[in-house]
Every structure is written in structure tokens, then in C-alpha cells.
Amino acid sequence: MIDNAGFHFTKNIGVSQNIVLLRIPPYNPDLSLCNQVWEYIKNRFRNQRFKSMKSLKEWLSGMVCEMKSETITSITGNHHFLKYFNDLIDITYW
């Protein structure tokens with residue numbers, strides 16, 4: 001998904017035939033899958049205290065590296081969005 005930010009536009013981009021770029025409306029962070037994952041991480045970060053920037057970076061790196069695909073799917077797998085996107089590109093996964 002592309003969030004229509006100015007730096008996401010290009011005229012000469014090569015995209016494989018099995019990849020579909022979907023543009024989400026501007027100023028809709030709730031539709032951005034990256035923002036949903038980041039919100040999940042921030043909720044776990046909220047009550048943490050770190051002694052240094054290094055310990056924060058280590059915690060964040062560990063958090064990201066330990067996330068399983070099932071966790072990411074559960075965060076981003078909103079059935080309303082999936083139905084819309086599947087209908088849009090005519091793909092059915094289930």
C-alpha cells in the first residue's frame with residue numbers, strides 16, 4: 001500500500017506482475033498497515049523506562065525481531081480492509 005505521500009510517487013517504477021500497489025487516501029493513517037504495526041509496538045513501549053538510548057534501541061530491535069508473522073497478520077488482518085482489497089484486485093485467500 002502506498003499512502004500518497006509526495007515521496008511515494010514515481011513515473012518509472014518496475015513492479016513485478018504478482019505485486020499490486022494500492023493507494024490509500026491521504027491523511028488516513030488508520031488504513032496504513034505500517035501504522036497499525038507501529039501502534040502495536042507503541043502500546044508495549046508506553047510504560048517502559050530505559051536507562052539509555054542504547055537500551056531503547058535494543059528493546060525495539062528485540063521487539064521487532066521477535067514478532068511472528070501470525071502476530072503481524074492479527075494486527076493488520078482487519079477483515080473489512082481485506083475484503084475491500086481482495087474485491088479490488090479480485091483475489092481470494094480463504
Side-chain angles (χ1 to χ4, degrees):
M1 293 194 320
I2 302 173
D3 65 7
N4 283 321
F7 52 85
H8 288 156
F9 286 94
T10 183
K11 293 180 182 178
N12 300 321
I13 186 170
V15 178
S16 177
Q17 289 184 0
N18 64 340
I19 296 176
V20 176
L21 299 178
L22 299 173
R23 296 196 184 277
I24 61 174
Y27 310 108
N28 282 286
D30 293 342
L31 297 178
S32 169
L33 302 180
C34 294
N35 284 350
Q36 292 176 15
V37 173
W38 182 237
E39 188 66 32
Y40 174 87
I41 292 170
K42 287 192 306 185
N43 285 335
R44 275 129 191 92
F45 169 81
R46 187 170 296 157
N47 295 317
Q48 300 282 337
R49 292 187 68 180
F50 301 96
K51 293 181 181 181
S52 66
M53 186 60 78
K54 181 181 178 184
S55 63
L56 167 61
K57 289 178 182 180
E58 289 171 353
W59 178 86
L60 183 56
S61 176
M63 176 75 181
V64 171
C65 290
E66 292 173 10
M67 289 180 75
K68 297 180 179 176
S69 61
E70 296 85 10
T71 303
I72 295 171
T73 300
S74 72
I75 297 166
T76 60
N78 181 309
H79 68 281
H80 297 295
F81 297 137
L82 292 177
K83 180 180 179 346
Y84 170 75
F85 294 139
N86 289 339
D87 290 349
L88 184 66
I89 60 176
D90 196 28
I91 294 177
T92 304
Y93 291 103
W94 49 85

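Hydrogens, waters and symmetry mates are skipped; everything else that's a heavy atom, side chains included, is used. Quick caveat: nothing in here was measured; it's all calculated off a predicted structure.
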field: Those residues that, when tested against Asn47, pass side chain to side chain donor-acceptor pair (under 3.5 Å) (two or more places apart)
entry: none

- request: Output all residues satisfying side chain to side chain donor-acceptor pair (under 3.5 Å) with Arg49, sequence neighbours left out; order by chain, then residue number.
  value: none

task: Over 60° means perpendicular and under 30° means parallel, so classify the ring planes of Trp59 and Phe45, tilted if in between.
output: tilted

field: Heavy-atom check, side chain of Tyr40 versus side chain of Gln36, under 4.5 Å
entry: no

query: Side-chain contact, heavy-atom cut-off 4.5 Å: Arg44 with Ile41?
result: no

query: How long is the gap from CD on Glu39 to SG on Cys34, to the nearest 0.5 Å?
result: 13.5 Å

task: Considering non-hydrogen atoms only, spot the tightest contact between Met67 and Met63 and give its length.
output: CG-O, 3.1 Å

